[in-house]
Amino acid sequence: MEEKQAFNPFLPEYEYIPDGEPHVFGDRVYVYGSHDKFGAPMFCVNDYVCWSASVDDLKSWSFEGVIYRKRQDPKNRLGLRLLFAPDVARGKDGRYYLYYAFDFMGMMGVAVSDRPCGPFQFYGHVCYPEGEIWGRKKRMHFHLIRGYLWMTMEKYICIPDFIRPYLLS
C-alpha cells in the first residue's frame, strides 16, 4: 500500500485562506475561508475561493475558482466592504448555504449553491423572526441561543437531523 502524506502548507504559497473551515461533502474535502491578499492594507479584500481534495488523497488540492464575489451582496455593490469568516452547510433541501460576516457591521449574509464548490448566489441577510436584519437592533450586543450568550464574528452552523438548524455567531 502506497503511503500518502500531505504537508503544510497544503495550498500554494501565493494563496492565503484564514478562518479556514474544512467540510467533507461526498468524497471530497472542501476548504472555505476568508481570502487575504498579500501586501493589501487590510485583510479579507479578495473574493471567496474554494479548494478541494479527494478524501483519499489530501496531497493533491484543486482550485475550484471564485465561488462568491463581494459585489454580489446588494449592500456591497462597490465591493468596498470586507467579507470574512465564512462557513458552509448543506441544507435539508440538498443545497449548500454560505454564511459570511459582512464587514464590521454586525451583519451576516447568506448565499446559496446547488454544488459545494459554487458558484454561490446571494440569498439574503440573516434576520430576526420579525424581519429586522440580524445585528441591527439597538443596544443588543449579545445573542441568546438555547441559554448561551454568543458574541463573535466567527460562525458555526449546526444542522442536526433531529432538531431545527442553528447558526451560532
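Position 1 is the first residue of the sequence, and the numbers go up from there. Treat the numbers as computed from the prediction; the structure is a model and nothing was measured.
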Can you find a heavy atom in the side chain of Trp51 that is under 4.5 Å from one in the side chain of Val29? no

Determine whether a donor-acceptor pair (N or O, by modelled atom type, separation under 3.5 Å) exists between the side chain of Tyr99 and the backbone of Ala85. no

Shortest non-hydrogen contact from Gly33 toward Ile17: CA-CG2, 3.5 Å

Go through the steps for Asp27 and Asp56 under the test side-chain contact (heavy atoms from CB on, under 4.5 Å), then give the verdict. CA-CA 8 Å; Asp27 63 350; Asp56 296 324; 6.0 Å; no

Just by distance, no angles: are the side chains of Ser54 and Arg28 close enough, under 3.5 Å, to form a donor-acceptor pair? no

Is Phe84 linked to Leu80 within one hydrophobic cluster, defined over Ile, Leu, Val, Met, Phe, Trp and Tyr using a side-chain heavy-atom separation of less than 4.5 Å? no

Parallel, tilted or perpendicular: which describes the rings of Tyr32 and His23, with under 30° parallel and over 60° perpendicular? tilted

List the residues meeting side chain to side chain contact (heavy atoms under 4.5 Å, CB included) with Ser113, not counting sequence neighbours, and say none if there are none. Arg115, Phe120

Apply the test salt bridge (charged side-chain N to carboxylate O under 4.0 Å, His left out) to residues Arg95 and Asp93: give CA-CA distance (whole Å), side-chain angles for both, the deciding distance (0.1 Å), then the verdict. CA-CA 6 Å; Arg95 299 190 321 166; Asp93 61 359; 3.5 Å; yes

Enclosure of Phe25 CZ (heavy-atom neighbours >12, cutoff 6.0 Å): yes

Closest non-hydrogen atom pair between Tyr48 and Ser34, with its separation: CE2-CA, 4.0 Å

Step by step, would you call Leu11 with Phe63 a side-chain contact (heavy atoms from CB on, under 4.5 Å)? CA-CA 9 Å; Leu11 296 180; Phe63 178 64; over 6 Å; no

Is there side-chain contact between Phe122 and Pro74, with heavy atoms separated by less than 4.5 Å? yes

Under 3.5 Å, is there a donor-acceptor pair between the side chain of Asp73 and the main chain of Arg77? no

Value for CG (Leu98) from CD (Gln121), rounded to nearest 0.5 Å, stands at 11.0 Å

Cys50 vs Ile67 side-chain heavy atoms within contact, under 4.5 Å: yes

In Å and rounded to the nearest 0.5 Å, what is the CZ to CZ distance from Arg71 to Arg81? 14.5 Å

Do Glu15 side-chain atoms and Pro12 backbone N/O form a donor-acceptor pair below 3.5 Å? no

Okay, side chain of Lys70, backbone of Asp47: is any donor-acceptor separation there less than 3.5 Å? no

Using the six-membered ring wherever Trp is involved, compare the ring planes of Tyr100 and Tyr68 and label them parallel, tilted or perpendicular (cut-offs 30° and 60°). tilted

Shortest non-hydrogen contact from Tyr30 toward Cys117: CE2-CB, 3.9 Å

